[in-house]
Amino acid sequence: MNHKARKRFGQNFLQDMSVIERMLSAMRPETGDSVVEVGPGLGALTLPLLARLDKLAVVEIDRDLIARLEAQQLHGLTIHPGDVMQFDFTALARELADESVDSPAARHSLRVVGNLPYNIGTPLLIRLMECQDMIKDIHVMLQKEVVDRLHAEPGTRAFGRLSVLMQSVFEVSPLFTVPPSAFDPPPKVQSAIVRMKPRDDAPDSEMLDALQACTRLAFANKRKTLRNNFKGHLDDNALSDLQIDPQARAETLDLPAFHRLAKQLRHT
Ligand code: SAM
């Protein structure tokens with residue numbers, strides 16, 4: 001039975017075995033790992049992952065695809081039907097680590113992998129960022145343009161809110177680019193695979209909230225100066241005290257400057 005790709009679920013199925021192999025050798029899944037795959041689809045990554053793992057959790061929204069996977073009765077596979085945007089990664093990490101309550105074993109244990117549906121790539125990364133203390137690493141395929149934003153440096157066109165948040169929480173390593181021909185149907189844009197690992201000095205949840213609020217203000221209007229974007233929150237003196245030029249634009253600030261701003265906003 002053929003499956004007709006559904007655009008609303010961002011379905012572009014991987015068909016190039018060499019890309020799948022490269023992705024898996026970058027990830028190095030091993031027996032005993034706690035792994036969750038987002039959007040298994042027709043199983044392009046799922047089956048080779050299962051060949052290397054004793055257990056694998058997958059989250060899939062498309063009922064037809066869920067039924068196809070269920071029919072295969074794959075050993076070690078647990079299917080979580082539903083929207084990954086509502087999925088509780090923290091509970092899964094605990095469950096896979098065999099724990100009902102918070103304890104050190106579940107922390108930084110979960111490995112997230114997937115060829116992500118492009119329509120939810122960025123909001124999903126934000127959700128993963130919010131539960132980073134459960135995550136060991138992330139290996140995902142995204143639009144190349146999003147991967148460029150993830151690891152962009154200050155002062156470049158791609159640098160923005162996503163870059164600041166993700167680089168504050170994760171070590172971001174772009175791995176390789178994947179052409180549209182690797183998928184069926186082919187997407188209109190280039191894709192890329194990225195690895196992200198929580199940083200040892202990742203901000204705690206309070207600081208992360210402050211960083212989210214601070215970057216929302218700083219990048220509210222990319223063409224405006226920081227003086228304008230922080231109006232009503234921080235005045236010129238407060239910005240200067242943080243060694244930040246009120247006339248600068250957000251995309252020119254480095255990460256330590258954003259962290260100084262976030263700390264200051266927490267206290268105002
Ligand atoms: N992993 C397969 C592959 O590489 O061929 C499919 C990748 S396809 C780009 C994205 C997959 O995510 C599809 O199976 C789609 O149904 C699923 N998906 C889309 N939106 C989802 C959501 N909100 N929650 C869970 N799965 C979703």
Side-chain angles (χ1 to χ4, degrees), residues 1-27 29 35-53 55-72 74 76-93 110-131 135 137-147 150 175-195:
M1 194 177 59
N2 278 336
H3 175 80
K4 191 168 179 314
R6 294 193 164 102
K7 226 179 174 172
R8 72 176 185 284
F9 291 147
Q11 291 178 352
N12 300 98
F13 299 107
L14 255 174
Q15 57 174 7
D16 184 333
M17 275 315 291
S18 67
V19 172
I20 295 166
E21 280 306 323
R22 271 184 90 182
M23 193 162 172
L24 293 182
S25 36
M27 179 188 171
V35 182
V36 58
E37 185 194 358
V38 178
L42 295 165
L45 289 166
T46 319
L47 300 181
L49 276 168
L50 269 176
R52 294 161 168 82
L53 296 166
K55 59 182 189 303
L56 172 66
V58 296
V59 188
E60 176 58 63
I61 199 169
D62 186 323
R63 286 183 192 177
D64 292 345
L65 294 175
I66 294 166
R68 288 173 80 113
L69 277 174
E70 279 172 348
Q72 293 177 65
L74 297 165
L77 185 71
T78 308
I79 304 170
H80 297 267
D83 183 353
V84 71
M85 293 306 296
Q86 312 295 329
F87 188 71
D88 189 341
F89 287 98
T90 301
L92 178 72
L110 195 60
R111 309 195 70 190
V112 182
V113 60
N115 166 16
L116 297 187
Y118 293 156
N119 45 342
I120 58 162
T122 306
L124 180 61
L125 291 179
I126 299 278
R127 288 209 74 216
L128 292 171
M129 173 189 84
E130 288 165 351
C131 58
I135 287 174
D137 57 26
I138 300 173
H139 290 82
V140 284
M141 174 111 62
L142 291 154
Q143 280 162 276
K144 182 173 181 301
E145 177 255 322
V146 176
V147 173
L150 288 176
L175 297 178
F176 58 95
T177 305
V178 181
S181 59
F183 305 87
D184 179 30
K188 291 200 172 66
V189 293
Q190 295 272 327
S191 305
I193 293 178
V194 64
R195 173 191 292 137

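Whatever order the structure lists ligands and atoms in, that order sets their numbers, starting from 1. FYI, side chains are in, hydrogens and waters are out, and symmetry mates aren't considered; it's all heavy atoms of this structure. Everything numeric in this text was worked out from a predicted model, so none of it was measured.
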- Item | Heavy atom of the protein closest to atom 1 (N) of ligand 1 (residue, atom name, distance) | G39 O, 2.8 Å

- Please answer whether the main-chain N or O of V84 pairs with a side-chain N or O of R127 as donor and acceptor at a distance below 3.5 Å. yes

- Message: Suppose I only count heavy atoms of E37 and a 4.0 Å limit; which atoms of ligand 1 are within that range?
- Response: 1 (N)

- Message: What protein heavy atom lies closest to atom 19 (C) of ligand 1? Include the residue and the distance to one decimal.
- Response: F9 O, 3.0 Å

- Item | Test item: R68 side-chain N/O and L42 main-chain N/O as donor-acceptor pair under 3.5 Å | no

- Task: Check T46 against ligand 1 and report side chain, backbone, both or neither, counting heavy atoms closer than 4.0 Å.
- Result: neither

- Task: With rounding to the nearest 0.5 Å, note down the distance linking OG1 in T122 to CG in L142.
- Result: 7.0 Å

- Are R22 and F176 in a cation-pi contact, defined as NZ or CZ under 6.0 Å from the six-membered ring centre and within 45° of the axis? yes

- Do me a favour and list the nearest non-hydrogen protein atom to atom 5 (O) of ligand 1 with residue, atom name and distance? L14 N, 2.8 Å

- Message: Please confirm whether G114 approaches ligand 1 to less than 4.0 Å, judged on its heavy atoms.
- Response: no

- Note on the structure: ligand 1 atoms nearer than 4.0 angstrom to some heavy atom of D62 are 16 (O)

- Item | Taking atom 20 (N) of ligand 1 as the reference point, the nearest protein heavy atom with its distance | P117 CG, 3.6 Å

- With a cut-off of 4.0 Å, which atoms of ligand 1 are near a heavy atom of D83? 22 (C), 23 (N), 24 (N)

- Can any side-chain N or O of N115 pair as donor or acceptor with the backbone N or O of G41 at less than 3.5 Å? no

- Item | Which residue and heavy atom of the protein sit nearest atom 21 (C) of ligand 1, plus the separation | I61 CG2, 3.5 Å

- Query: Which ligand 1 atoms does G10 reach within 4.0 Å, using its non-hydrogen atoms?
  - Reply: 8 (S), 9 (C), 10 (C)

- Query: Is a side-chain donor or acceptor of R195 paired with a backbone partner of A26 at a separation under 3.5 angstrom?
  - Reply: yes

- side chain to side chain donor-acceptor pair (under 3.5 Å) filter on E60, not counting sequence neighbours, yields none

- For P40, counting its heavy atoms only, list the atoms of ligand 1 lying under 4.0 Å from any of them. 1 (N), 2 (C)

- G82 neighbourhood, listing ligand 1 atoms whose heavy-atom distance to it stays under 4.0 Å: 24 (N), 25 (C)

- V59 heavy atoms within 4.0 Å reach ligand 1 at atoms 25 (C), 26 (N)

- Going by the side chain to side chain donor-acceptor pair (under 3.5 Å) test, name the single residue among R6, K4, H3 that passes it with D64. R6

- Note on the structure: Correct closest heavy-atom pair for C131 and T90 would be CB-OG1, 3.7 Å

- Numbering the atoms of ligand 1 from 1, which are under 4.0 Å from a heavy atom of I120? 22 (C), 23 (N)

- Heavy atom of the protein closest to atom 24 (N) of ligand 1 (residue, atom name, distance): V84 N, 2.9 Å

- Counting heavy atoms under 4.0 Å, the part of N119 that contacts ligand 1 is neither

- Message: Residue-level breakdown please: for M141 versus ligand 1, do any non-hydrogen atoms fall below 4.0 Å on the side chain, on the backbone, on both, or on neither?
- Response: neither

- Item | Protein residue, atom and distance nearest to atom 16 (O) of ligand 1, heavy-atom basis | E60 OE2, 2.5 Å

- Task: If you have a sec, work out which protein heavy atom is nearest atom 10 (C) of ligand 1 and how many Å separate them, to one decimal?
- Result: N115 O, 3.6 Å

- Item | Side chain N12, main chain D184, donor-acceptor under 3.5 Å | no

- Query: When you look at E37 and T46, which way does the side-chain hydrogen bond (donor to acceptor under 3.5 Å, both in side chains) test go after all the steps?
  - Reply: CA-CA 7 Å; E37 185 194 358; T46 319; 2.7 Å; yes

- After noting the C-alpha distance and the side-chain angles of R52 and E21, does the key distance pass the salt bridge (charged side-chain N to carboxylate O under 4.0 Å, His left out) rule? CA-CA 12 Å; R52 294 161 168 82; E21 280 306 323; 3.3 Å; yes

